[in-house]
Amino acid sequence: MNIEIYHNPRCSKSRQTLQLLEERGFEPSITEYLKTPPNRDELEKILSMLGMEPRELMRKKEAEYKEAGLDNPDLTREQLIQGMINHPKLIERPIVISNGKAVIGRPPEQVLDILP
């Protein structure tokens, strides 16, 4: 079973989600997305699996959101995705992917919905 987590070790929800997976006996592949940000194709795939638009996956309270002008309602989908690539801190976390499905671990227990 292949489980992947887009993880930020400094985030308590991300740590709790990883711990929950490990307690259930799963060994997810861990992508520290601040060090290794997803590329455009990966973000498109994640958004599709989540059933979300780019702005829905963004952390709008982070300073970078306004500083980078990403609060502009006229931005295109491409521009918003590029904003997440340029500022990976804005990507909501943690994201867990399994069996072609994805979920945000907020709360961490939500990840159980996509696990076997």
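FYI, side chains are in, hydrogens and waters are out, and symmetry mates aren't considered; it's all heavy atoms of this structure. The model shown is predicted, which means the values in this text are computed figures rather than measured ones.
Here CG of Leu57 is found 9.5 Å from CD1 of Ile81. Values are rounded to the nearest 0.5 Å. Note that the NZ atom of Lys101 and the CG atom of Leu50 stand 13.0 Å from one another [nearest 0.5 Å]. Rounding to the nearest 0.5 angstrom, the gap separating the CD atom in Glu32 from the NE2 atom in His7 is 6.0 Å. Once rounded to the nearest 0.5 Å, the distance linking CG of Leu47 with CE of Met84 reads 5.0 Å. In this structure, CG in Leu80 is found 5.0 Å from CG in Leu75, a value given to the nearest 0.5 Å. Summarising the geometry, atom CD1 belonging to Ile97 is positioned 11.5 Å from atom CD1 belonging to Ile3; distances are rounded to the nearest 0.5 Å.
Closest heavy-atom contact between Ala102 and Ile95: CB-CG2, 4.4 Å. Heavy-atom minimum distance, Val111 versus Gly105: CG1-CA, 3.9 Å. The two atoms that bring Leu90 and Leu70 nearest to each other are CD1-CD1, 3.3 Å, heavy atoms only. Contact detail for Ile104 and Gln110: the closest heavy-atom pair is O-NE2, 3.0 Å. The two residues Pro28 and Leu18 come nearest to each other via the heavy atoms CG-CD1, 3.6 Å. Nearest approach of Ser14 to Tyr6, heavy atoms of both residues: OG-O, 4.2 Å.
In this structure, Arg55 contributes its side chain and Lys60 its backbone to no donor-acceptor pair below 3.5 Å. A donor-acceptor contact shorter than 3.5 Å links the side chain of Asn39 to the backbone of Asp41. Glu53 places no side-chain N or O within 3.5 Å of a backbone atom of Arg77 that could act as its donor or acceptor partner.
With hydrophobic clusters built from ILVMFWY side chains whose heavy atoms lie under 4.5 angstrom apart, Met52 shares a cluster with Ile85. Ile46 and Tyr33 fall within a single hydrophobic cluster, where Ile, Leu, Val, Met, Phe, Trp and Tyr are joined by side-chain heavy atoms under 4.5 Å apart, directly or via other members. Note on Tyr65 and Leu34: same hydrophobic cluster, where clusters join Ile, Leu, Val, Met, Phe, Trp and Tyr whose side-chain heavy atoms are under 4.5 Å apart, directly or indirectly.
Annotation: side chain of Met58 is not in contact with side chain of His87 (no heavy-atom distance under 4.5 Å). At least one side-chain heavy atom of Leu20 sits under 4.5 Å from a side-chain heavy atom of Leu112. In this structure, the side chains of Ser12 and Gln16 come closer than 4.5 Å at one or more pairs of heavy atoms. Using a 4.5 Å cut-off on side-chain heavy atoms (C-beta onward), Leu43 and Ile91 make contact.
Atom CD of Glu27 sits in a sparse spot, with 12 or fewer heavy atoms from other residues, nucleotides or ligands closer than 6.0 Å.
A salt bridge does not link Glu92 to Lys13: none of the charged side-chain nitrogens sits closer than 4.0 Å to a carboxylate oxygen.
With 3.5 Å as the limit, one finds no donor-acceptor pair spanning the side chains of Glu78 and Gln82.
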